[in-house]
Amino acid sequence: MENGIRLDYNNMMYENIGLKGIYGGDIANIRPDMEKAHFNLNEKRKNGSLEWMDIIYDQEEEINEILETASGIRQWADTFVVLGIGGSALGPAAVHHALKHPYYNELPKEKRDGWPKFYVVDNVDPERLSGLLDIIDIKTTVFNCITKSGNTIETMSQFMIVKDILEKELGKEDAKKHIICTTDKTNGALIKIAEKEGYKTFFIPSKVGGRFSELSPVGLLPAACGGIDIKELIKGAVSMDKYMAENGVMENPAYMYAALSCLALEKGRNISVIMPYADSLKLVADWYSQLWAESLGKKYDINGKQKNIGQTPVRALGATDQHSQMQLFVEGPDDKIIVIIGLDKYKREITIPVDSDVDDLGFLRGATHNNMISIEQMSAEYALLKAGKVNMTITLPEVNEYYLGQLIYMFEVATAFAGELLNINAFDQPGVEEGKNAAYAMFGRKGYEAKKAELDAKPHKDKKYII
């Protein structure tokens, strides 16, 4: 893609990888399916069911309100905390980690350009939230509670704890400015509480699911409160969308990524390793893992036929995991597709000084860590190639708002397109809902009596199998 990220899939192909690779004929054979999937996505977009694709064009008013809110927070707050789980936490964390200083919270405020410290609390491990409360001053903290349904029990439990603490220490009126809610406009407990208490609220469009919500207020408010240029983030996504629209299915990087992944899955590669060669993109791999797993791991296809399909995402970090997981990737089972993410340019450069008397390290003299991580990446690609393990590389010119917006949007479209190719619903999550319903039943929530009876009737654990 000119002026953007690039997808190199040479090492997926027979010509490079050998007999275990994908043949040009394989791609030609599924081209009709790709054309059909493209048509289906366009039809769904036209009828409004893919609102996450169009939101990048029609939220100027919301963006201006977000920027105004962030500017106000910057004037007084020392800490900004996201309360959320799933896409409501992974997306904001990934974008902040990608674009800000790697030790952002340890920097003095002036070196953060006045922006507050940033934390994400996405688990109900009792040590997590209580530990954060030990180190922050709630009098100078803003809590952004994010839940699409407005009922997510993990997030709402965190919210209830924080609300109670704020009101006890500051009083109900002063507590208001410390809470911002991001949720559905009409449904769920959170919007009811927000309206009753008068909290600042941003809305998640009704047809934007949590894992596809990073380019909505879910991700844009936390990003703006860290000084991230959210207009550039959106601009990058728009550029990717327009590039896709101007090119056929075979030149569309999202479509080709999805098609190659599905072809690899057909050949038994049911694990998708995402391996960025940049610490800044480490949490993008976490975000991608939810997007890919929750969207494509399905028991039934859209016709109700049981398929139990899906590709398990695995996170790795180059060059760290060349000394950890790469042995398995190269010599282990041929059940993986390796997706490497590289950079043309890093934000900084460090030169390696080597004592001239140390002959064994002379080859490093004058080299940089920039050279080293790029060479490490190339050596990993070569080791995989030599072993006949399929891999492809996504390259960003650099990590900034514009290119990150391109990457996020490309992965979202690739996921939706893969769902069409696999003939499944990429936008539901019945497996997750089963766990949620079981939790509601065990807590005794009204309306879940039948589920509670089902749980009570499950086989009891036998002590002889516990040692």
Side-chain angles (χ1 to χ4, degrees), residues 5-12 16-17 20 90-91 93-103 120 122 257 260-261 264-265 268-293 296-297 310-348 350 352 364 367-396 398-399 403-404 407-408 410-411 414:
I5 64 178
R6 309 185 300 278
L7 175 66
D8 178 352
Y9 59 94
N10 275 280
N11 289 350
M12 295 291 295
N16 275 30
I17 212 78
K20 295 180 180 180
L90 292 167
V95 168
H96 192 278
H97 186 77
L99 297 172
K100 305 304 291 186
H101 191 283
Y103 301 101
V120 175
D122 66 344
Y257 181 92
L260 292 166
S261 296
L265 181 59
R269 282 70 177 246
N270 60 351
I271 297 173
S272 174
V273 178
I274 187 84
M275 190 171 188
Y277 273 75
D279 265 75
S280 59
L281 298 178
K282 181 178 182 180
L283 298 190
V284 169
D286 288 5
W287 168 82
Y288 167 88
S289 292
Q290 185 213 1
L291 180 70
W292 200 250
L296 304 181
Q311 203 171 42
T312 302
V314 171
R315 292 157 282 194
L317 180 66
T320 298
D321 283 307
Q322 282 182 243
H323 296 267
S324 171
Q325 300 185 59
M326 186 58 73
Q327 173 64 34
L328 174 67
F329 299 162
V330 172
E331 295 194 351
D334 188 23
D335 57 356
K336 304 170 193 68
I337 172 176
I338 316 296
V339 181
I340 290 170
I341 306 179
L343 305 181
D344 287 330
K345 179 184 176 183
Y346 292 82
K347 295 171 186 175
R348 298 191 181 191
I350 300 179
I352 305 167
L364 290 177
T368 67
H369 269 183
N370 308 62
N371 303 139
M372 181 174 284
I373 198 165
S374 296
I375 289 171
E376 294 269 16
Q377 177 187 328
M378 288 186 284
S379 67
E381 291 175 8
Y382 176 71
L384 292 166
L385 174 68
K386 186 177 179 181
K389 301 300 174 68
V390 293
N391 64 95
M392 55 180 158
T393 300
I394 298 169
T395 304
L396 282 67
E398 60 182 300
V399 179
Y403 297 123
L404 186 61
L407 183 67
I408 288 170
M410 189 199 86
F411 275 143

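Below, each value reflects all heavy atoms present in this structure, side chains not excepted, and no hydrogens, waters or symmetry copies.
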request  = Give the intermediate values and the outcome of side chain to side chain contact (heavy atoms under 4.5 Å, CB included) for residues V273 and I337.
outcome  = CA-CA 6 Å; V273 178; I337 172 176; over 6 Å; no
inquiry  = With side chain to side chain contact (heavy atoms under 4.5 Å, CB included) as the criterion, how do L404 and V284 come out once you've worked through the C-alpha distance, each side chain's angles and the decisive distance to 0.1 Å?
reply    = CA-CA 9 Å; L404 186 61; V284 169; 4.1 Å; yes
request  = Decide yes or no on side chain to side chain contact (heavy atoms under 4.5 Å, CB included) for E376 and Q322, but give the supporting numbers first.
outcome  = CA-CA 8 Å; E376 294 269 16; Q322 282 182 243; 3.3 Å; yes
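Atom NE2 of H369 and atom CE of M372 lie 5.0 Å apart (nearest 0.5 Å). Rounded to the nearest 0.5 Å, atoms NZ (K282) and CG (D321) are 8.0 Å apart. Here the CG atom belonging to L317 is positioned 10.5 Å from the CD1 atom belonging to I341, to the nearest 0.5 angstrom. In this structure, CD1 in I5 is found 11.5 Å from CG in L343, a value given to the nearest 0.5 Å. Here NZ of K336 is found 11.0 Å from OG1 of T312. Values are rounded to the nearest 0.5 Å. Here the CG-CG distance, from D286 to D122, works out to 9.5 Å after rounding to the nearest 0.5 Å.
Here the side chains of F411 and I274 are in contact, with some heavy-atom distance below 4.5 Å. Under the 4.5 Å side-chain criterion, counting only non-hydrogen atoms from C-beta, I373 is in contact with Y346. Side-chain contact check for M326 versus M275: some heavy-atom pair is nearer than 4.5 Å. Side-chain contact between I340 and I394 is absent, with no heavy atoms from C-beta onward closer than 4.5 Å. A 4.5 Å side-chain heavy-atom check between L396 and K345 finds every atom pair outside the cut-off. Side-chain contact between Y277 and S374 is absent, with no heavy-atom pair separated by less than 4.5 Å. Contact check for I338 versus V390: no side-chain heavy atoms found under the 4.5 Å cut-off. Residues M392 and S261 are in side-chain contact: their nearest non-hydrogen atoms beyond the backbone lie under 4.5 Å apart.
Results of the side-chain hydrogen bond (donor to acceptor under 3.5 Å, both in side chains) test with Q327 over E331, H323, Q325 single out E331 as the only residue that passes. Applying the side-chain hydrogen bond (donor to acceptor under 3.5 Å, both in side chains) test between N391 and each of N16, D8, N11 identifies N11 as the sole match.
Put simply, the side chain of N371 gets close to the backbone of T368: a donor and an acceptor are under 3.5 Å apart.
Taking both residues in full, the closest heavy atoms of S280 and H97 are given as O-CD2, 3.5 Å, listed atom of the first, atom of the second, then distance. The heavy-atom pair separating V339 from S272 by the smallest distance is CG2-OG, 4.4 Å. Across every non-hydrogen atom of M12 and I17, the tightest pair is O-CG2, 4.2 Å. Minimum heavy-atom separation, D334 to K389: OD1-CD, 3.5 Å. Scanning both residues, I408 and W287, for their nearest heavy atoms gives O-CH2, 3.6 Å. When all heavy atoms of V399 and A98 are compared, the closest pair comes out as CG1-O, 3.3 Å.
Between Y257 and W292, the ring planes lie perpendicular to each other; the angle is over 60°, past the 30° to 60° tilted range.
A salt bridge links R6 with D344: at least one charged nitrogen is closer than 4.0 Å to a carboxylate oxygen.
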